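These notes are about the structure you will find just below.
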Amino acid sequence: MHRAAIGIFDSGIGGLTVAAEIVRRLPTEDIIYLGDTARLPYGTKSAETVIRYADRAVDLLLRYPVKMVVIACNTASAYALESLREGSELPILGVIAPGARAAVAATTTGRIGIAGTEATVRSKAYQKAITALRPDAELTTRAWPLLVPLAEEGWVDHPVARLTLRTYLEPMVAAGVDTLVLGCTHYPVFKRVIEDLLATELGGYPLALVDSAEAVTTELDALLTERELHAPTREGRRSFFCTDAAERFGRVGATFFPEDVAPVFPVDI
Ligand code: DGL
């Protein structure tokens with residue numbers, strides 16, 4: 001079983017930020033990544049639809065030799081994690097709980113900002129997870145819907161992305177948050193731009209950024225250790241699948257991932 005892969009799923013290329021962190025920290029692990037590019041975005045869909053899509057995606061991953069599945073999508077984690085876990089004998093990790101724990105560990109004042117897709121914000125999953133750990137937390141929650149298309153377009157350090165991010169960051173700064181949860185796996189690609197904006201245009205505002213990719217990888221590593229499931233010492237293999245526009249996935253994905261995202265296999269789920 002330890003030779004089996006880590007299955008990773010997101011609605012598109014955003015989950016590659018999670019895959020990149022897993023590959024960086026756990027380089028001997030094989031990964032099988034599925035981006036449901038045919039149905040992206042999930043962030044504007046209803047709970048029922050997200051659950052149905054996530055179910056099909058995880059079904060596909062489970063047809064391969066996988067030992068654990070990471071739902072590298074906040075929207076799918078917010079709505080579908082519970083039902084996915086019920087239907088599976090393998091451990092299924094979501095990004096919300098690790099992100100909430102990391103936010104609570106990072107904050108000093110208890111004022112925490114949460115940015116995510118409309119659906120993630122509507123689910124209140126982060127709000128519940130954070131206040132369960134720190135009941136006095138003061139949360140400022142906002143949907144940042146324009147970042148997913150910008151990331152999928154590869155417009156990261158682009159004037160449009162900078163202006164959008166500045167507009168999104170201003171209410172967080174006004175609310176005095178000291179920690180910001182990047183509650184969508186597409187958002188960490190903008191980390192460097194956010195840090196630069198905070199340092200320059202936003203007057204050196206101190207803000208701890210919580211990236212669900214880092215938080216879930218720490219959890220995954222701990223679970224692999226606990227179950228003695230770490231891969232043997234060798235270079236892990238990477239396999240990529242997506243449900244539409246495979247060539248584009250490989251091309252844009254390369255900016256999110258430290259290695260070539262190729263070949264990308266088209267699949268129908
Ligand atoms: N990457 C997904 C998330 O973390 C959002 C992208 C989408 O809207 O499909 O929520």
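For ligands, and for the atoms within them, numbers begin at 1 and follow the listed sequence. Values below: every heavy atom of this structure, side chains too, minus hydrogens, waters and symmetry copies. Residue numbers count from 1 along this sequence. If you're wondering where the values come from, they're calculated on a predicted model, not measured in any experiment.
For residues 100-109, the salt bridge (Lys or Arg N to Asp or Glu O under 4.0 Å) pairs, not counting sequence neighbours, are Arg101-Glu219. Evaluation of the salt bridge (Lys or Arg N to Asp or Glu O under 4.0 Å) test over residues 12-35, restricted to residues two or more places apart or in two chains, returns Glu21-Arg24, Glu21-Arg25, Glu29-Lys67, Asp30-Arg234, Asp30-Arg237.
Here Lys191 does not pair with Glu195 in a salt bridge; the nearest charged N to carboxylate O distance is not below 4.0 Å.
For ligand 1, residues of the protein lying within 4.0 angstrom by heavy-atom distance are Asp10, Ser11, Leu40, Pro41, Tyr42, Gly43, Cys73, Asn74, Thr75, Thr117, Val148, Cys184, Thr185, His186.
Taking the salt bridge (charged side-chain N to carboxylate O under 4.0 Å, His left out) definition, one finds that Arg238 meets it with Glu235, Glu259, sequence neighbours left out.
Heavy-atom neighbours of Glu82 CD from other residues, nucleotides or ligands within 6.0 Å: at or below the threshold of 12.
A ring-centre distance under 6.0 Å is not found for Phe190 and Tyr168.
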